[in-house]
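All remarks here apply to the structure that follows.
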Amino acid sequence: MIGSTRQVRVYAYRKPADMRKSFNTLAALVVAGLGRDIMSGDIFLFVGRTRKLAKMIYWDGTGLCLFSKRLAKGCFAAPWAQPGDRPLVLTTSELAILLEGSELALRVPLSPPPYAPTERVLRWG
């Protein structure tokens, strides 16, 4: 079955995170630092100061899941290097590129904006 992953939002924490943190303290960062509900089903991304380690936390409906990745070569993009103070929102495609350690991650939006229906009427014929 082919489904859309556009409904899942990814929020990147804009400060270097202490990678010793686990479920409870990362969940507290989501609530206090990002102003989001940890049980929303969205993915929350944290990158360490050295940019060699990243963690993601999300609620899958039955509990919190925590994933971590350490790059063997290269570095993750730094969310704190991006301008602005609002939460950095990524698509799942942009998250995949970031987790590969690509140099393109976070430089420019790589996905089109989500579709927003309008009141326009299409005329056929």
Do [X] and [Y] land in one hydrophobic cluster if side-chain heavy atoms of ILVMFWY residues count as linked below 4.5 Å?
{"X": "Ile43", "Y": "Leu90", "answer": "yes"}
{"X": "Tyr11", "Y": "Leu99", "answer": "no"}
{"X": "Met39", "Y": "Leu34", "answer": "yes"}
{"X": "Phe23", "Y": "Tyr58", "answer": "no"}
{"X": "Leu95", "Y": "Phe67", "answer": "yes"}

Could you check whether atom CG of Asn24 has more than 12 heavy atoms from other residues, nucleotides or ligands sitting under 6.0 Å from it?
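No, not enclosed.
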
Is the NZ atom of Lys69 crowded by more than 12 outside heavy atoms at less than 6.0 Å?
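Counting neighbours around NZ of Lys69, more than 12 heavy atoms of other residues, nucleotides or ligands fall under 6.0 Å, so yes.
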
Can you name the nearest heavy-atom pair linking [X] to [Y], along with the distance?
{"X": "Gly41", "Y": "Val8", "result": "O-CG1, 4.3 Å"}
{"X": "Leu45", "Y": "Ala54", "result": "CD1-CB, 4.2 Å"}
{"X": "Val47", "Y": "Phe76", "result": "CG1-CB, 4.0 Å"}
{"X": "Leu66", "Y": "Ser22", "result": "CD2-OG, 3.8 Å"}
{"X": "Phe44", "Y": "Asp37", "result": "CZ-O, 3.8 Å"}
{"X": "Cys75", "Y": "Lys52", "result": "SG-CD, 4.5 Å"}

side-chain contact (heavy atoms from CB on, under 4.5 Å) between Thr92 and Val10: does it pass, once the steps are laid out?
CA-CA 7 Å; Thr92 53; Val10 179; 4.3 Å; yes

Inter-residue atom distance [X].[atom1] - [Y].[atom2], 0.5 Å rounding:
{"X": "Leu88", "Y": "Leu98", "atom1": "CG", "atom2": "CG", "result": "9.0 Å"}
{"X": "Trp80", "Y": "Arg49", "atom1": "CH2", "atom2": "CZ", "result": "9.0 Å"}
{"X": "Asp18", "Y": "Lys55", "atom1": "CG", "atom2": "NZ", "result": "8.0 Å"}
{"X": "Leu29", "Y": "Lys15", "atom1": "CG", "atom2": "NZ", "result": "9.0 Å"}
{"X": "Met56", "Y": "Ser68", "atom1": "CE", "atom2": "OG", "result": "9.0 Å"}
{"X": "Leu64", "Y": "Ile57", "atom1": "CG", "atom2": "CD1", "result": "4.5 Å"}

If we ignore hydrogens and angles and just use 3.5 Å, is the side chain of [X] paired with the main-chain N or O of [Y] as donor and acceptor?
{"X": "Arg14", "Y": "Gln82", "value": "yes"}
{"X": "Glu94", "Y": "Thr91", "value": "yes"}
{"X": "Arg36", "Y": "Val31", "value": "no"}

In terms of ring plane angle, is the pair Tyr13 and Phe46 parallel, tilted or perpendicular, where the classes change at 30° and 60°?
tilted

Taking only residues two or more places apart in sequence, or in another chain, which ones meet Ser102 in a side-chain hydrogen bond (donor to acceptor under 3.5 Å, both in side chains)?
none

